[in-house]
Amino acid sequence: MPTVGFVSLGCPKALVDSERILTKLRAEGYRVAPDYAGADVVVVNTCGFLDSAKQESLDAIGEAMAENGRVIVTGCFGVEEGRIREAHPGVLAITGPHQYEQVVEAVHAAAPPEA
């Protein structure tokens, strides 16, 4: 079974987004990895409200890239794709907030579900 690492930053709305994505992926047979290194792909749900939150998001993306290298970015900071790609050009996909289906599609592309 494919595994997904996940980190959720920011407000309760971001947590709701994370839960929706994780619920969908679990229903499709994905497992949640206990750490980045053991995951087939990592999803970082970002916050873009304050400059400090944006920096925390960039740091979390960097950590996931360093430990795994296969990272999908979503959440409020995802609307600043250029800034994210400048700092971390190797991310697989970037989506904005509430784009559950696009995140799931990106996970499918990076770590296809088992048939």
Side-chain angles (χ1 to χ4, degrees):
M1 285 197 216
T3 58
V4 178
F6 213 99
V7 62
S8 186
L9 306 170
C11 70
K13 287 183 181 182
L15 188 58
V16 170
D17 287 356
S18 294
E19 288 300 323
R20 286 187 71 173
I21 294 164
L22 285 169
T23 297
K24 173 88 169 133
L25 292 172
R26 281 188 188 113
E28 294 176 351
Y30 285 84
R31 292 182 306 124
V32 178
D35 55 44
Y36 295 150
D40 294 308
V41 65
V42 176
V43 176
V44 180
N45 190 356
T46 62
C47 179
F49 185 62
L50 301 170
D51 286 341
S52 60
K54 292 176 184 182
Q55 187 57 54
E56 181 183 16
S57 294
L58 286 172
D59 292 346
I61 295 164
E63 181 181 327
M65 288 295 293
E67 293 187 30
N68 183 285
R70 298 175 49 77
V71 178
I72 295 166
V73 177
T74 190
C76 292
F77 189 45
V79 300
E80 293 189 40
E81 181 172 355
R83 186 167 171 196
I84 294 166
R85 290 214 182 269
E86 182 179 313
H88 304 290
V91 297
L92 300 175
I94 300 173
T95 68
H98 315 300
Q99 294 184 319
Y100 321 109
E101 291 304 318
Q102 292 92 327
V103 175
V104 170
E105 289 170 12
V107 170
H108 289 170
E114 293 185 353

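This structure is a prediction, so every number in the text was calculated from the model and none was measured.
For Asn68, the side-chain contact (heavy atoms from CB on, under 4.5 Å) test picks out Tyr36, Ala39, Val42, Arg70, with sequence neighbours left out. Not counting sequence neighbours, Asp35 has no partner by the side chain to side chain donor-acceptor pair (under 3.5 Å) test. Not counting sequence neighbours, the partners of Thr74 by the side chain to side chain donor-acceptor pair (under 3.5 Å) test are Thr95. Checked against side chain to side chain donor-acceptor pair (under 3.5 Å), Ser8 has the following partners two or more places apart in sequence or in another chain: Ser18. Not counting sequence neighbours, the partners of Glu80 by the side chain to side chain donor-acceptor pair (under 3.5 Å) test are Lys54. Every residue meeting the side-chain contact (heavy atoms from CB on, under 4.5 Å) condition with Val79, not counting sequence neighbours, appears here in chain and number order: Pro97. For Arg85, the side-chain contact (heavy atoms from CB on, under 4.5 Å) partners two or more places apart in sequence, or in a different chain, are Glu81, Val91, Ile94.
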- Run the numbers on Gln55 and Asp59 for side chain to side chain donor-acceptor pair (under 3.5 Å), then give the verdict. CA-CA 6 Å; Gln55 187 57 54; Asp59 292 346; 2.8 Å; yes
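Placement of Ile84 and Ile72 in two distinct hydrophobic clusters is found when ILVMFWY residues are connected by side-chain heavy-atom separations under 4.5 Å, directly or transitively.
Partner of Leu92 under the side-chain contact (heavy atoms from CB on, under 4.5 Å) criterion, out of Val41, Val43, Val71: Val41 alone.
Interatomic distance, CZ of Phe6 versus CD1 of Ile21, reported as 4.5 Å (0.5 Å rounding). Here Asp40 contributes atom CG and Arg31 contributes atom CZ; the two are 8.5 Å apart, rounded to the nearest 0.5 Å. Interatomic distance, CD of Glu19 versus NZ of Lys24, reported as 15.5 Å (0.5 Å rounding). Between atom CD1 of residue Ile61 and atom CZ of residue Phe77 there is a gap of 6.5 Å, rounded to the nearest 0.5 Å. With rounding to the nearest 0.5 Å, the separation of CG in Asn45 from OG in Ser57 is 8.5 Å.
The two atoms that bring Ala87 and Leu58 nearest to each other are CB-CD2, 3.9 Å, heavy atoms only. Thr3 approaches Ala33 most closely through the heavy-atom pair CB-CB, 4.1 Å.
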Identify each donor-acceptor pair in which a side-chain atom of residues 100-108 lies under 3.5 Å from a protein atom, sequence neighbours left out, and give them as a table.
unit_1: Tyr100; atom_1: OH; unit_2: Asp17; atom_2: OD1; d: 3.1
unit_1: Tyr100; atom_1: OH; unit_2: Arg20; atom_2: NH1; d: 3.2
unit_1: His108; atom_1: NE2; unit_2: Glu28; atom_2: OE1; d: 2.5

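Applying the salt bridge (charged side-chain N to carboxylate O under 4.0 Å, His left out) definition to pairs two or more places apart or across chains, none involves residues 90-100.
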